[in-house]
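Single-structure report; data block below.
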Amino acid sequence: MKRERLEEVAEIIDKRGKMTLEQLEEAFPDVSQMTLRRDLTQLESDGRIIRVRGGAMSVKEVQKISGEVYTQKTTVNMDAKIVIAQKAATLIDEGSSVFIDGGTTAMYLSKEMPDIKCNIFTNGIAVAMELAQKKNINITVVGGQLMKDNLSTAAPAAKEYFMHTNFELAIVSATAFTPEHGFTCNSQIESDLLMQVFKKARHVYMMLDSSKIGKINPYTFAQIEDIDVLITDDVFPREYKALFEQNDIVVM
């Protein structure tokens, strides 16, 4: 009965694109507001919807709005991202708890991951949708403000959520890196989220393709000493590889 209702809620949100809680109450007059709120929480956890202020938005609608920009990003330096993703996929053990960010390299990682029993936490919509095709992986999607350029979410509430969550691994990517400015991104709220994730993770693995070297974005979320392993492509500059190794970072 509950699963049937969840499917009905997901279907009507998919059909309309976005619905307020009041609209859902009208569509399901025999279901209490509290139950509908729990349904939305469950559907967000399943990667079917995104909670927004006062209601929910269909993941398909978000992809329709933002998919073109994201799709273009997935094709940039694609071969290097796939190589990095294949390396990172070998580092995830059965039974582990892992945070994966929402970048395009992380999307390729979600494609390469084996279908093993593990807990994946992510703020990436495309990442969650890809992982949802694997039956053994338990997926938790972090809600919040949608960043359209990479189909990921972040919010102060998500930062607080991770205060009570633990990970063996955090596998993340950066859109830019210099030795002086560290690993940087374009969003302050995403930077805050990643810093909180780093505090909770036992080990931090950074995915960084060589095209990101020498670039600077507004917000620094990590320095070299904050990571344990650097996963990169086959043309990563030797001088940068030496820099990481001098700081006892494993370079793959």
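Please read all numbers here as calculations on a predicted model, not as lab measurements.
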Please check if the side chain of [X] supplies one atom and the backbone of [Y] the other of a donor-acceptor pair under 3.5 Å.
{"X": "T184", "Y": "Y219", "answer": "no"}
{"X": "T122", "Y": "A128", "answer": "no"}
{"X": "D115", "Y": "K135", "answer": "yes"}
{"X": "Q23", "Y": "T20", "answer": "yes"}
{"X": "D209", "Y": "D233", "answer": "no"}

Please table the atom pairs, donor to acceptor, closer than 3.5 Å between any side-chain atom in residues 87-96 and protein atoms at least two apart or in another chain.
{"from": "K87", "atom 1": "NZ", "to": "T232", "atom 2": "O", "distance (Å)": "2.9"}
{"from": "K87", "atom 1": "NZ", "to": "M252", "atom 2": "O", "distance (Å)": "3.4"}
{"from": "T90", "atom 1": "OG1", "to": "K87", "atom 2": "O", "distance (Å)": "2.6"}
{"from": "S96", "atom 1": "OG", "to": "D93", "atom 2": "O", "distance (Å)": "2.6"}

From [X] atom [atom1] to [Y] atom [atom2], the distance as rounded to the nearest 0.5 Å:
{"X": "I216", "Y": "E180", "atom1": "CD1", "atom2": "CD", "result": "7.5 Å"}
{"X": "I13", "Y": "E8", "atom1": "CD1", "atom2": "CD", "result": "12.0 Å"}
{"X": "E112", "Y": "K81", "atom1": "CD", "atom2": "NZ", "result": "14.0 Å"}
{"X": "I120", "Y": "I116", "atom1": "CD1", "atom2": "CD1", "result": "8.0 Å"}

Using the ring-ring contact (aromatic ring centres under 6.0 Å, His included) rule, collect all pairs that involve residues 116-143, keeping only residues at least two apart or in two chains.
-> F121-F167
For [X], check side-chain hydrogen bond (donor to acceptor under 3.5 Å, both in side chains) against everything at least two apart and list the hits.
{"X": "S173", "result": "D101"}
{"X": "N119", "result": "N138"}
{"X": "K111", "result": "E130"}
{"X": "H181", "result": "T178"}

Got a sec, which pairs hit salt bridge (Lys or Arg N to Asp or Glu O under 4.0 Å) with one end in residues 197-207, sequence neighbours left out?
-> none
Heavy-atom closest contact ([X] atom, [Y] atom, distance):
{"X": "C118", "Y": "M113", "answer": "SG-CE, 3.9 Å"}
{"X": "G102", "Y": "N123", "answer": "N-OD1, 3.2 Å"}
{"X": "Q223", "Y": "P179", "answer": "OE1-O, 4.3 Å"}
{"X": "N186", "Y": "T175", "answer": "ND2-OG1, 4.4 Å"}
{"X": "A85", "Y": "T105", "answer": "CB-O, 4.2 Å"}

Please check if any side-chain donor atom of D192 sits under 3.5 Å from a side-chain acceptor atom of Q188, or the reverse.
-> yes
So, do F198 and F99 have ring centers that fall under 6.0 Å from each other?
-> no
In short, side chain to side chain donor-acceptor pair (under 3.5 Å) pairs touching residues 239-252 with sequence neighbours left out are none
Going only through I, L, V, M, F, W and Y residues with side-chain contacts under 4.5 Å, is there a path from [X] to [Y]?
{"X": "V251", "Y": "V204", "value": "yes"}
{"X": "V250", "Y": "I231", "value": "yes"}
{"X": "F28", "Y": "M19", "value": "yes"}
{"X": "I224", "Y": "V197", "value": "yes"}
{"X": "V83", "Y": "F177", "value": "no"}

Can you sort out the partners of A174 under side-chain contact (heavy atoms from CB on, under 4.5 Å), two or more places apart, ordered by chain and number?
-> F183, M206, L208, F221
Before giving the answer on side chain to side chain contact (heavy atoms under 4.5 Å, CB included), spell out for I84 and L109 the whole-Å C-alpha distance, their side-chain angles and the decisive distance to 0.1 Å.
-> CA-CA 8 Å; I84 292 169; L109 169 57; over 6 Å; no
The ring pair (Phe, Tyr, Trp, His ring centres under 6.0 Å) partners of Y205 (sequence neighbours excluded) come to none
Just distance, no hydrogens or angles: give the donor-acceptor pairs under 3.5 Å from side chains in residues 29-37, sequence neighbours left out.
{"from": "S32", "atom 1": "OG", "to": "T35", "atom 2": "N", "distance (Å)": "3.1"}
{"from": "S32", "atom 1": "OG", "to": "T35", "atom 2": "OG1", "distance (Å)": "2.9"}
{"from": "Q33", "atom 1": "OE1", "to": "R37", "atom 2": "NE", "distance (Å)": "3.3"}
{"from": "Q33", "atom 1": "OE1", "to": "R37", "atom 2": "NH2", "distance (Å)": "3.2"}
{"from": "Q33", "atom 1": "NE2", "to": "E25", "atom 2": "OE1", "distance (Å)": "3.3"}
{"from": "T35", "atom 1": "OG1", "to": "R38", "atom 2": "NH2", "distance (Å)": "3.3"}

D39: partners by salt bridge (Lys or Arg N to Asp or Glu O under 4.0 Å), with sequence neighbours left out = R5
